[in-house]
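Reading through the structure tokens given below for one structure.
Side chains are part of it too, since the values below use all heavy atoms of this structure and drop only hydrogens, waters and symmetry mates.
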Amino acid sequence: IGGRRTSEGREVLYARSRVVLAARAGGLAALDQVVIDIRDDERFRRDAVEGRSLGYTGKMCLLPRQVALANEIFTPDRDEIDWSRRLVAAAESARAAGRGVIEFEGRMVDPPLVRRARAVLDLAARFDASR
């Protein structure tokens with residue numbers, strides 16, 4: 001389309017969004033685009049964080065060094081795992097009481113957010129099992 005690549009990546013946001021939406025709607029994992037600036041680890045990290053925020057489950061890497069960076073970004077951290085455990089426990093208590101939507105730590109929580117928390121816990125368990 002003649003766009004210019006920028007470090008912010010706004011010119012590919014629409015395409016990245018469409019790809020991840022199509023993959024996730026089809027029940028597939030979605031791997032984010034490569035970063036061609038192979039010596040710029042900070043750019044890789046920023047791009048990976050944005051990709052994870054968009055819903056990507058991993059990132060394509062051009063160098064072995066980038067694999068460690070991608071794992072750092074896409075692996076749930078301790079705070080995310082702990083929050084997910086608390087949320088799942090609260091949701092299970094609510095479900096046992098016949099409630100579907102709950103308030104949890106000041107936020108409204110519905111079933112899709114609970115599914116996301118379960119996915120975080122599943123991913124963390126798989127990552128721990130692979131070590």
Side-chain angles (χ1 to χ4, degrees):
I1 62 175
R4 289 189 170 167
R5 290 304 307 256
T6 65
S7 60
E8 296 83 22
R10 287 188 304 266
E11 68 283 356
V12 294
L13 179 59
Y14 175 75
R16 286 173 86 184
S17 298
R18 288 290 307 256
V19 167
V20 75
L21 285 169
R24 303 301 282 172
L28 302 172
L31 296 180
D32 194 17
Q33 66 185 354
V34 298
V35 172
I36 61 173
D37 294 330
I38 59 175
R39 294 186 178 158
D40 191 344
D41 290 349
E42 278 311 305
R43 182 167 183 190
F44 184 94
R45 277 189 180 93
R46 283 191 312 271
D47 201 65
V49 166
E50 183 174 338
R52 186 170 186 220
S53 296
L54 289 170
Y56 282 93
T57 53
K59 188 153 189 69
M60 291 185 278
C61 300
L62 297 174
L63 302 170
R65 184 181 82 250
Q66 292 177 332
V67 173
L69 298 173
N71 283 338
E72 174 187 317
I73 302 302
F74 286 92
T75 300
D77 65 23
R78 181 63 36 209
D79 290 341
E80 188 175 7
I81 294 167
D82 291 342
W83 186 86
S84 295
R85 280 191 184 121
R86 292 192 314 273
L87 172 58
V88 168
E92 287 173 356
S93 293
R95 186 177 52 150
R99 295 180 318 200
V101 176
I102 62 169
E103 179 185 338
F104 175 73
E105 297 182 3
R107 296 176 67 186
M108 190 280 300
V109 174
D110 57 0
L113 191 54
V114 175
R115 280 194 301 274
R116 173 70 185 129
R118 289 184 198 282
V120 165
L121 296 177
D122 289 345
L123 178 60
R126 284 195 314 268
F127 191 73
D128 281 345
S130 70
R131 288 185 178 177

Test item: Y56 and V19 side chains (from C-beta on) under 4.5 Å apart, heavy atoms: yes
Do D47 and R16 meet the salt-bridge criterion of a basic N to acidic O distance under 4.0 Å? yes
Salt-bridge present (E92, R118; N to O < 4.0 Å): yes
Please identify each residue that fulfils side-chain hydrogen bond (donor to acceptor under 3.5 Å, both in side chains) with E103, with sequence neighbours left out. none
Out of curiosity, F104 CZ to D110 CG, how far, rounded to the nearest 0.5 Å? 14.0 Å
Using every non-hydrogen atom in the two residues, find where V88 and A117 come nearest and quote the distance to one decimal. CG2-CB, 3.9 Å
When hydrophobic residues are tied together by side-chain contacts of less than 4.5 Å, even through go-betweens, does L63 share a cluster with I36? yes
Answer yes if M108 and V114 sit in the same cluster of Ile, Leu, Val, Met, Phe, Trp and Tyr residues linked by side chain heavy atoms under 4.5 Å apart, and no otherwise. no
Sidechain-backbone polar pair: D37 side chain, R39 backbone, donor-acceptor under 3.5 Å: no
Do I102 and R95 come within less than 4.5 Å of each other through their side chains, counting heavy atoms only? no
Does V12 share a hydrophobic cluster with V20, counting links as ILVMFWY side-chain heavy atoms below 4.5 Å and allowing steps through other members? no
Assess the residue pair R52 and E80 against the criterion (salt bridge (Lys or Arg N to Asp or Glu O under 4.0 Å)); give the C-alpha distance rounded to whole Å, side-chain angles, the decisive distance to 0.1 Å, and a yes or no. CA-CA 13 Å; R52 186 170 186 220; E80 188 175 7; 2.8 Å; yes
Does any non-hydrogen side-chain atom of E11 lie less than 4.5 Å from one of R4? no
I'd like to know if L62 and L31 are part of one continuous hydrophobic network [Ile/Leu/Val/Met/Phe/Trp/Tyr, side-chain heavy atoms within less than 4.5 Å]. yes
Side-chain heavy atoms of Q33 within contact of K59, under 4.5 Å: yes
Go through D32 and M60 one step at a time and tell me if the side chain to side chain contact (heavy atoms under 4.5 Å, CB included) criterion holds. CA-CA 6 Å; D32 194 17; M60 291 185 278; over 6 Å; no
Would you say the side chain of I73 lies within less than 4.5 Å of the side chain of L69, judging by non-hydrogen atoms? no
Membership question, hydrophobic clusters at under 4.5 Å side-chain separation (ILVMFWY): are F74 and L123 in the same one? no
Decide side chain to side chain contact (heavy atoms under 4.5 Å, CB included) for F44 and R65; before the verdict, give the C-alpha distance in whole Å, the side-chain angles of both, and the deciding distance to 0.1 Å. CA-CA 11 Å; F44 184 94; R65 184 181 82 250; over 6 Å; no
Contact between V35 and D40 at the side-chain level, heavy atoms closer than 4.5 Å - yes or no? no
Just so I know, are the side chains of P112 and R116 near enough to count as touching, which here means a heavy-atom distance under 4.5 Å? no
To the nearest 0.5 Å, how far apart are CZ in R10 and CZ in R5? 12.0 Å
Heavy-atom closest contact (A30 atom, R24 atom, distance): CB-CD, 4.4 Å
Q66 CD to R45 CZ distance, which is reported to the nearest 0.5 Å: 11.0 Å
Less than 4.5 Å apart, side chain to side chain, heavy atoms only: is that true for L13 and L54? yes
Any side-chain to backbone donor/acceptor pair from T57 onto A29? Under 3.5 Å, distance only. no
Rounding to 0.5 Å, atoms OG1 (T75) and CD1 (I81) come to a distance of 8.5 Å
